[in-house]
Amino acid sequence: MKLTPEQLEQFDRDGYLFFPGHFSPEETRALTDAVPELYSRREAYNVREKGKDAVRTNFAAHMYSTPFAKLARHPRMVQPVMDLFDEEVYMHQFKINGKAAFEGDVWQWHQDYGTWMNDDLMPTERAMNVAIFLDDVNDYNGPLMFIPGSHKKGVVDAKHDLTTTSYPLWTVDNDLIGQLVERAGGKNGGIVAPRGPAGSMILFHSCLVHASGSNLSPWHRVAVYLSLCAVSNHIRRPKRPEYIAHRDFTPIGLLPDDCLLKDYDVDLPWKDGLPASALQTSSVPFDEMKKAA
Ligand code: SIN
Ligand code: MN
C-alpha cells in the first residue's frame, strides 16, 4: 500500500491519517477473539485501571500471541510507515488498550515522543504511532482526540503525572492545550476525533498532542496501539521494562497481506512467560554499559 502525494501532504499538515475499515471484519475478529484470554492473565504486562480489575493496557502481545504477532508484521500497517521514513522500522511499543465499557479511564493530553525522549533516550521523532480499532469507535466510548497540526510544535512542556490514572504519563498542562486548540481552529476543527468501524486504522505523528475521555457507554473501545521506530533512531537507554519499551532493534520482516486469515509461522519468544531480563531496567545508556563491560 503506497501513500498518495495528497496523503503525504495531509500527514505533514495535520499530523495524522485515518483509514476507515482498513482491515476487514474477518481480519479484525481474528484479533478481537484473542483479547479476553490475554486480559485474563495475571501478568506484569497487564496494567489494570486504577482500583479496578478492567485492563487499561496490555503490553507486548506480539511477543506471545500468534494473531498479534502477525499484526505486528502486517504490510498494510508497516509499509506506509516505512514509506514515510524511507527506512526499515522496529517495534518500539505494542499495546492493546481496553477502554472497557463503563470502566475505561481517561488518557490525559500528551505527546508520545515526549516520553520516549525523556525516559528511553530516543534521539528524534522518527517513530510513528498506529492505532487499529478492534471495536467500533463512536462519540460515546472514549474516542481518541487529536489537536491537528500540534506535531509542528515539536516537543512541548510536560509534567510527569503519576497519580491521575494507573499509568504514569508526561502530560501537557491545560493552558497550553487551550492555546494549541485555538491555533488549530478553536471550535472549528481545533480538536478532532476519528470515529469508525472496527478494523479502522490511524497513523499519527509521535509529537501529535492527543487524549481520550473516559468510557461511560455500554460499549468497549478496545484498540491496538503500535509504535514503530526507524531502526537508526532506536532508543539508547533501557530505563523502562522491556515489555514497555523494546530493546530488540531488528527490522520488522513483513508477512503476506492475507496473514491474519491464514497460517504463517511467527516467532513467539515470550510464549512461556516474561523472561527476567524483560523486567530489568537501568538508568545507564546502552553505550556506557558496553564501555564498562
Ligand atoms: C495512548 O495515547 O497511548 C492511548 C490513548 C487511548 O487509548 O485512548
Ligand atoms: Mn499516546
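Just follow the structure's listing: the first ligand is 1, and inside any ligand the first atom is 1. This one's a predicted model, so the numbers in the text were calculated from it and none came from an experiment.
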Visitor: Is the shortest distance from a Lys or Arg side-chain nitrogen in Asp83 or Lys2 to a carboxylate oxygen in the other one below 4.0 Å?
Guide: yes
Visitor: Using 2.8 Å as the cut-off, note every protein N, O or S atom close to the Mn ion (ligand 2).
Guide: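 N, O, S partners closer than 2.8 Å: His110 NE2, Asp112 OD1, His210 NE2.
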Visitor: Using side-chain heavy atoms (C-beta onward) and a distance below 4.5 Å, is Lys159 in contact with Trp170?
Guide: no
Visitor: Residues in ring-ring contact (aromatic ring centres under 6.0 Å, His included) with His92, at least two apart?
Guide: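 ring-ring contact (aromatic ring centres under 6.0 Å, His included) check on His92 returns Trp116.
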Visitor: Hey, what else clusters with Val284 if you join Ile, Leu, Val, Met, Phe, Trp, Tyr whenever side-chain heavy atoms sit under 4.5 Å?
Guide: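 Met289, listed by chain and number.
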Visitor: Determine whether Phe23 and Leu144 fall in the same hydrophobic cluster, where Ile, Leu, Val, Met, Phe, Trp and Tyr are linked whenever their side-chain heavy atoms lie under 4.5 Å apart.
Guide: no
Visitor: Assess whether a salt bridge exists between Arg42 and Asp53, defined as any Lys/Arg side-chain N lying under 4.0 Å from an Asp/Glu carboxylate O.
Guide: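 Yes.
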Visitor: Do the side chains of Lys262 and Asp258 get close enough for a salt bridge, i.e. N-O under 4.0 angstrom?
Guide: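 Yes, Lys262 and Asp258 are salt-bridged.
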Visitor: Between ligand 1 and the protein, give all atom pairs where both partners are nitrogen or oxygen and the distance is under 3.5 Å, as lines of names plus distance to 0.1 Å.
Guide:
from     : atom 1 : to     : atom 2 : distance (Å)
ligand 1 : 2 (O)  : His110 : NE2    : 3.0
ligand 1 : 2 (O)  : His210 : NE2    : 3.0
ligand 1 : 3 (O)  : Lys95  : NZ     : 2.7
ligand 1 : 7 (O)  : Asn97  : ND2    : 2.9
ligand 1 : 7 (O)  : Arg221 : NH2    : 2.8
ligand 1 : 7 (O)  : Tyr225 : OH     : 3.2
ligand 1 : 8 (O)  : Ser212 : OG     : 2.6
ligand 1 : 8 (O)  : Arg221 : NH1    : 2.9
ligand 1 : 8 (O)  : Arg221 : NH2    : 3.4
ligand 1 : 8 (O)  : Tyr225 : OH     : 3.4

Visitor: Flag the pair Glu103 and Lys50 as a salt bridge only when some basic side-chain nitrogen lies within less than 4.0 angstrom of an acidic carboxylate oxygen.
Guide: no
Visitor: Within 45° of the ring axis of Tyr225 and under 6.0 Å from its six-membered ring centre, is that where the NZ or CZ of Lys95 lies?
Guide: yes
